[in-house]
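Beneath this line is the structure, given in structure tokens, with notes to follow.
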Amino acid sequence: MELSVKAVKKKATEAARNEVLHRTLSDAGDRFVSLRENGFNQLEDPDGLRARGRAIKEKCLANMPNLLRLLEKKVTDAGGVVHWAKDGPTARKIILNLARQHGVKTVVKGKSMMTEEIALNKALAEKGIEAWETDLGEFIVQLAGETPSHIIAPAIHKNREEVGRLFSAKLGVPYTTNPEELTMVARKVLREKFLGADMGITGGNMAVAETGTLALFENEGNIRLSTSLPRVHVAIIGIEKVVETWDDFGVLMKLLSRSAAGQKMPTYLSLITGPKKANEQDGAEAFHLVLLDNGRSRMLGDRVLRDSLFCLRCGACLNVCPVYKRVGGHACGWVYSGPIGILLDSELLPPGSARDLAFACTLCGACAEVCPVLIEHPKMILDFRRRLAEDPMWKGPRVLSRVLPVKAYSWLSVRPFLFRCAGFLARGIQRVMAPSGEWKWLPGPLAEWGSRRKIPRFKRPFSRRWKALKMSLKKKQGTGGG
Ligand code: SF4
Ligand code: SF4
């Protein structure tokens with residue numbers, strides 16, 4: 001999949017102008033932020049736990065080939081089947097073959113970024129297989145013909161009025177904005193789908209190698225139904241999701257649940273080791289685990305960007321990112337968005353696809369502050385930008401347009417007289433172009449940039465304000481001494 005820079009820019013421009021979207025994203029993001037804070041405040045040593053989480057991810061990534069082999073053995077011993085997929089097309093082929101072998105007509109899906117990454121729904125539809133998203137947020141975006149705009153809250157960009165209108169139009173139910181009534185509508189539709197589905201497809205939050213167990217976190221109960229009602233369960237996970245032991249799992253579960261929604265643990269935790277056994281009542285008759293690489297091995301070899309593989313997909317970095325909160329996930333153009341999206345896109349998509357995303361970052365550092373496994377996004381984004389700037393393929397007007405203003409500023413800033421003249425000139429232009437203090441437009445190439453921003457008014461230069469402050473302090477001291 002290649003991102004169209006033009007399409008991404010168009011989406012970002014539209015999103016940046018959408019005030020309803022800003023309010024919806026901000027309100028929802030703030031709620032997640034406060035849930036996370038409450039969750040971490042209850043811990044005695046939250047930073048110690050984060051450091052342990054990071055160390056566990058370091059250890060598991062360093063030993064990934066062995067852990068994956070152990071996982072395969074344990075899953076197989078438990079009666080499951082492991083499939084290796086080097087990329088998206090291979091993973092799609094494996095799942096479509098399984099669907100054909102088992103005579104599958106209808107699929108119910110648990111929320112899975114992995115299936116979004118490989119565009120599985122489209123592939124299923126092309127083969128005439130009906131696939132239903134059963135997570136409420138995913139169900140909403142599926143009905144709307146959209147993709148998720150947040151890692152853990154796919155419909156975060158939609159307010160209840162929009163959902164009410166959507167349900168009314170697509171499901172023929174009376175318009176309502178009552179969340180409980182809307183949930184009951186989805187529940188009624190999906191109950192029938194669970195009962196009639198031949199296959200359940202899910203992702204997975206972790207896979208514990210020592211026992212071959214897949215762990216799935218959720219708060220709605222839909223994953224539990226998707227993995228136990230249909231005859232066949234297919235789970236697809238990235239190879240970086242493997243952990244060695246249950247102790248490792250315990251630490252990461254604590255971090256993920258608190259970081260995502262301030263919970264000690266998810267409302268529902270499904271631990272699946274192979275298909276159901278002869279003496280068990282619940283569970284699928286066949287269990288398949290697809291291990292997807294899709295560029296992750298390459299990432300592992302990258303000394304800086306490999307840290308993105310630590311990601312637990314908690315979504316906390318998105319909720320605090322000022323850029324994400326302004327434009328949302330769809331503006332990023334692919335399934336992963338926000339701070340972690342910049343890093344994953346830069347490695348998982350063709351070279352250069354994420355270059356505009358990388359330059360959209362303000363380097364404020366908020367994402368690194370909240371990451372439960374201490375990923376340093378700004379440092380990594382800077383490194384990615386440096387590579388783009390050095391790469392002859394991407395060098396050119398786009399990079400120059402960013403480099404030239406900085407070079408001009410640094411040249412001026414060490415020439416006080418010229419610096420003052422430039423300030424004087426800028427304030428003069430402002431008097432003509434923005435007499436009321438608000439810039440309505442900017443000239444030439446700055447027009448598009450300015451159309452999405454409120455440009456603050458140039459104030460009295462700092463050097464003059466500093467001088468005035470020093471003089472008033474001196475005066476005060478003089479008065480005090482007298
Ligand atoms: S550093 Fe960049 S990616 Fe991280 S929160 Fe700030 S703007 Fe977003
Ligand atoms: S990068 Fe960190 S904060 Fe962002 S989703 Fe991943 S684990 Fe969560």
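Each ligand, and each atom within it, is numbered from 1 in the order the structure gives.
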*asked:* To check your reading of the model: name the closest protein heavy atom to atom 2 (Fe) of ligand 2, its residue, and the distance in Å.
replied: Cys371 SG, 2.4 Å

*Just say parallel, tilted or perpendicular for the rings of Tyr336 and Trp334, cut-offs at 30° and 60°.*
perpendicular

*May I ask you to check whether Cys311 brings an N, O or S atom to under 2.8 Å from atom 6 (Fe) of ligand 2?*
yes

*Quick one: do Lys59 and Glu244 make a salt bridge, cutoff under 4.0 Å?*
yes

*Show which atoms of ligand 2 fall inside a sub-4.0 Å distance from at least one heavy-atom site of Ile375.*
1 (S)

*Close aromatic pair by centroid cut-off 6.0 Å: Tyr409 and Trp411*: no

_Taking Asp307 first and then Lys57, would you say they form a salt bridge - that is, a charged N and a carboxylate O separated by under 4.0 Å?_
no

*Side chain proximity check, Leu71 to Glu210, heavy atoms < 4.5 angstrom*: no

*Proximal ligand 2 atoms for Ile340, defined as those under 4.0 Å from one of its heavy atoms*: 1 (S)

*With the threshold set at 4.0 Å, does a side-chain nitrogen-carboxylate oxygen contact exist between Arg306 and Glu347?*
no

*How far is atom 8 (Fe) of ligand 2 from its nearest protein heavy atom, and which residue and atom name does that atom have?*
Cys314 SG, 2.3 Å

*Provide, to 0.1 Å, the distance between atom 5 (S) of ligand 2 and the closest protein heavy atom, together with that atom's residue and name.*
Gly315 N, 3.2 Å

*May I ask which of Leu312, Val370, Leu252, Leu255 has a heavy atom nearer to atom 7 (S) of ligand 2 than the others do?*
Leu312

*Could you grab the protein N, O or S atoms closer than 2.8 Å to atom 4 (Fe) of ligand 1 for me?*
Cys367 SG

*Before accepting this row, confirm whether a basic side-chain N of the pair Arg298/Asp293 lies closer than 4.0 Å to the acidic partner's carboxylate O.*
no

_If the threshold is 4.0 Å, N to carboxylate O, is there a salt bridge linking Asp383 and Arg387?_
yes

*Ligand-side contact atoms (ligand 2) for residue partner Pro372, heavy atom cut-off under 4.0 Å*: 2 (Fe), 3 (S), 7 (S), 8 (Fe)

*Taking the six-membered ring where the residue is Trp, are the ring centres of His233 and His288 under 6.0 Å apart?*
no

*Taking only residues two or more places apart in sequence or in another chain, which ones pass salt bridge (charged side-chain N to carboxylate O under 4.0 Å, His left out) with Arg313?*
Glu240

